[in-house]
Amino acid sequence: NPTVPVDDSKLTFTEAYATMLKVFIGVGVFGMPFAFRKAGLLGGAVGLVFVTFFILMAMRVLVHMKVSLVEKHQRSFDYHDIGHVILGDWGSTLITITLCVTQLGVVTAYVIFIARSLSHLIDHLEYHVIVLIVFPLVFLLTLI
């Protein structure tokens with residue numbers, strides 16, 4: 001509809017889903033071999049099932065809470081709203097901190113992957129030096 005203004009800054013559901021899939025599944029693919037190497041095949045498999053179970057339970061609780069809040073208040077709720085309803089201002093702050101720590105972990109995994117890959121290509125630069133070079137570049141990209 002040409003008369004309705006379009007907000008290009010918002011992602012569609014499909015775009016948001018694809019972004020989440022790329023970020024979290026991508027990092028998991030990078031981290032999984034390391035986790036299995038440290039835990040062993042049996043420990044890694046048991047740990048994976050254990051963590052997956054609790055993640056699925058947390059997702060179910062979160063979705064149930066959101067549906068209940070939407071039905072009760074007749075408005076949309078995001079993560080911060082749900083945290084605020086459950087724990088007040090502290091809950092909203094906790095959600096913000098948790099999301100920031102999660103994103104920092106994702107970025108760190110990608111920086112480590114890039115640095116390790118480049119250290120195999122550039123013999124005279126050590127892995128730690130490449131991290132010091134790559135991290136500021138990645139940080140600057142986040143400001144765009």
Side-chain angles (χ1 to χ4, degrees), residues 1-120 125-144:
N1 186 353
T3 61
V4 177
V6 176
D7 184 2
D8 289 335
S9 66
K10 292 191 177 196
L11 295 175
T12 66
F13 175 79
T14 304
E15 291 169 335
Y17 183 78
T19 300
M20 282 182 45
L21 191 66
K22 286 190 303 186
V23 169
F24 292 108
I25 299 295
V27 171
V29 168
F30 291 144
M32 196 68 65
F34 176 77
F36 270 81
R37 185 177 66 194
K38 292 295 184 182
L41 187 59
L42 181 61
V46 169
L48 181 63
V49 169
F50 184 75
V51 169
T52 301
F53 172 77
F54 281 104
I55 288 172
L56 289 175
M57 293 300 294
M59 286 172 49
R60 289 183 56 145
V61 169
L62 182 63
V63 169
H64 177 72
M65 177 63 72
K66 182 175 180 169
V67 168
S68 297
L69 287 172
V70 168
E71 287 174 355
K72 182 178 179 182
H73 297 283
Q74 298 299 312
R75 71 178 186 91
S76 180
F77 283 82
D78 61 14
Y79 284 131
H80 295 97
D81 294 333
I82 294 171
H84 190 269
V85 168
I86 294 171
L87 298 172
D89 290 336
W90 189 83
S92 183
T93 302
L94 181 65
I95 295 296
T96 300
I97 291 169
T98 303
L99 289 174
C100 287
V101 168
T102 300
Q103 292 304 311
L104 180 62
V106 169
V107 169
T108 302
Y110 279 119
V111 167
I112 290 171
F113 174 74
I114 292 167
R116 290 224 170 136
S117 298
L118 288 176
S119 70
H120 293 296
L125 280 180
E126 290 193 28
Y127 160 74
H128 300 90
V129 174
I130 296 173
V131 168
L132 291 174
I133 294 168
V134 169
F135 186 77
L137 297 174
V138 171
F139 176 76
L140 290 173
L141 286 173
T142 64
L143 298 176
I144 296 176

- Note on the structure: Heavy-atom nearest pair, A39 first then G44, reads CB-N, 3.7 Å
- So CG of L62 and CD1 of I86: to nearest 0.5 Å the spacing works out to 8.0 Å
- Which residues share a ring-ring contact (aromatic ring centres under 6.0 Å, His included) with F113, sequence neighbours left out: F30
- Give a yes or no on this: more than 12 heavy atoms of other residues, nucleotides or ligands lie within 6.0 Å of atom CZ of F135. no
- Message: Using 0.5 Å steps for rounding, measure from the CZ atom of R60 to the CG atom of L56.
- Response: 9.0 Å
- Note on the structure: Sequence neighbours excluded, the answer for salt bridge (Lys or Arg N to Asp or Glu O under 4.0 Å) partners of R75 is D81
- side-chain contact (heavy atoms from CB on, under 4.5 Å) partners for V138, two or more places apart: V107, V111, V134
- Message: So for atom CG, which belongs to L42, do other residues, nucleotides or ligands contribute more than 12 heavy atoms lying within a distance under 6.0 Å?
- Response: no
- Task: Work out which heavy atom in L104 is nearest to a heavy atom in T108; give both atom names and the distance.
- Result: O-OG1, 2.7 Å
- Would you please name every residue forming a side-chain contact (heavy atoms from CB on, under 4.5 Å) with I97, sequence neighbours left out? T93, V101
- Considering non-hydrogen atoms only, spot the tightest contact between Q74 and E71 and give its length. NE2-O, 2.8 Å
- Item | With Y127 via side-chain contact (heavy atoms from CB on, under 4.5 Å) - residues at least two apart | I112, A115, R116, S119, V131
- Quick one: does T96's side chain have a donor or acceptor within less than 3.5 Å of a partner on S92's backbone? yes
- Could you give all pairs that pass the ring-ring contact (aromatic ring centres under 6.0 Å, His included) test and reach residues 76-106, with sequence neighbours left out? H73-F77
- Message: Less than 4.5 Å apart, side chain to side chain, heavy atoms only: is that true for I130 and E126?
- Response: no
- Only pairs at least two apart or in different chains count here, so list each side chain to side chain donor-acceptor pair (under 3.5 Å) that has a residue in residues 25-52. none
- Item | 4.5 Å side-chain heavy-atom contact, L69 and M65 | yes
- By side-chain contact (heavy atoms from CB on, under 4.5 Å) - contacts of T98 (at least two apart): L94, T102
- Straight-line distance of L118 CG to I133 CD1, nearest 0.5 Å: 9.0 Å
- Residue set satisfying ring-ring contact (aromatic ring centres under 6.0 Å, His included) with F50, at least two apart, ordered chain then number -> F54
